[in-house]
Amino acid sequence: TRSTRPQRLLKAVQKNATRGDPQSVISAIDHFCRHSEWAMNIGDEKGTILDSVVNELNPEKVLELGTYCGYSTVRIARLLPPGARLITLEFNGDYAAIARQVITWAGLEDRVQLVEGASEDWIPRMKEHFGIETFDLVFLDHWKDRYLPDTKLMEDCGLLRKGTVLLADNVICPGVPDYLQYVRNSLSYKSCYFKSHLEYTKAEDGLEKSVFLG
Ligand SMILES: Cc1cc(C(=O)N2CCN(C)CC2)sc1-c1cc(O)c2nc[nH]c(=O)c2c1
Ligand SMILES: [Mg+2]
């Protein structure tokens, strides 16, 4: 039967990227998505904004909601000091299987814990299962209908501390209007918008960076 797009993306990484070289994995995926098949990775333009937020924060504990093929997982993990940890949640088992191989090809498996399951099931278990008190950075990139409920769930589970940064992808395209309205009007957040473009296209999209004020 025909291969899937994530399988073809992994093949492109294994063919064109150097094992243990995260930048070559990022470049191989961007080349594949620009010249062969579009795929919903954050991409190089919004990825540069993600890089700058990670470099500014120097986070020890990072949570990523939505792994897909592991592109943003690699982008974030390559910037973390070896003691830091990135936990990434992926609901789709096929995506998770590909992402594990992409993360390993990049040589970043020691800093990344990929968990297969639903965000609403795992967010309440972060403390007892992973020994995490609070996160320094949360990257929301899973499903537009989950951004707001999962943010409220993280608040309720005490996973956000004064200064925790929420960075959300796709706030324009596909769009998360209920989430935007919440973080931009809540007294518990200081929010700002980074205008950019939908990965590998000319369509507008952007990232919303929201600092939790406690
Ligand atoms: C699947 C999809 C289709 C989009 C689109 O407008 N398209 C028109 C233009 N053509 C070229 C591509 C397709 S945008 C998008 C998308 C993009 C992300 O970054 C996502 N991140 C996390 N979770 C998502 O569900 C997610 C969906
Ligand atoms: Mg996205």
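Ligands are counted one by one from 1 in listed order, and the atoms in each one are counted from 1 as well. Everything quoted here is computed from the prediction, not taken from an experiment. Heavy-atom basis, side chains included; hydrogens, waters and symmetry copies ignored.
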>> I want to know whether Tyr147 and His142 have ring centres closer than 6.0 Å.
In response: yes

In this structure, atom 20 (C) of ligand 1 is nearest to the protein heavy atom Asn170 OD1, 3.2 Å

Pairwise side-chain contact, Tyr71 with Val13, heavy-atom cut-off 4.5 Å (strictly under): no

Candidates Tyr200, Trp38, Tyr147; heavy atom nearest atom 3 (C) of ligand 1 found on Trp38

NZ or CZ of Lys190 within 45° of Phe212 ring axis and under 6.0 Å
no

Checklist entry - Do any heavy atoms of Cys173 fall under 4.0 Å from ligand 1? => result yes

In short, Ser119 meets Pro124 closest at the heavy-atom pair O-CD, 4.3 Å

closest protein heavy atom to atom 5 (C) of ligand 1 is Leu198 CD2, 3.8 Å

Tightest non-hydrogen contact, residues Arg78 and Pro22, listed as CB-CB, 3.7 Å

Short version for Asp169: what comes under 4.0 Å of ligand 1, heavy atoms counted, is side chain

query = Within 45° of the axis and under 6.0 Å from the centre of the six-membered ring of Trp143, does NZ or CZ of Arg146 qualify?
reply = no

Closest to the Mg ion (ligand 2), among the N/O/S atoms of Asp141, is atom OD1

I'd like to check atom 23 (N) of ligand 1 in this structure: does the protein have a heavy atom lying under 4.0 Å from it? yes

Test side-chain hydrogen bond (donor to acceptor under 3.5 Å, both in side chains), reference Thr67, set Asp141, Thr88, Asn92, output is Thr88

Filtering Arg146, Glu199, His142, Met40 for the heavy atom nearest atom 19 (O) of ligand 1 leaves Glu199

So for Tyr68 against ligand 1, with non-hydrogen atoms under 4.0 Å, the contacting part is neither

Report yes or no: do Thr4 and Gln7 form a side-chain donor-acceptor pair below 3.5 Å? yes

If we number the atoms of ligand 1 from 1 as shown, the ones under 4.0 Å from a heavy atom of Trp143 are 25 (O)

Please find out if the Mg ion (ligand 2) and some N, O or S atom of Asp169 are separated by less than 2.8 Å.
yes

- Query: Looking at the Mg ion (ligand 2), is one of the N, O or S atoms of Asn170 less than 2.8 Å from it?
  - Reply: yes

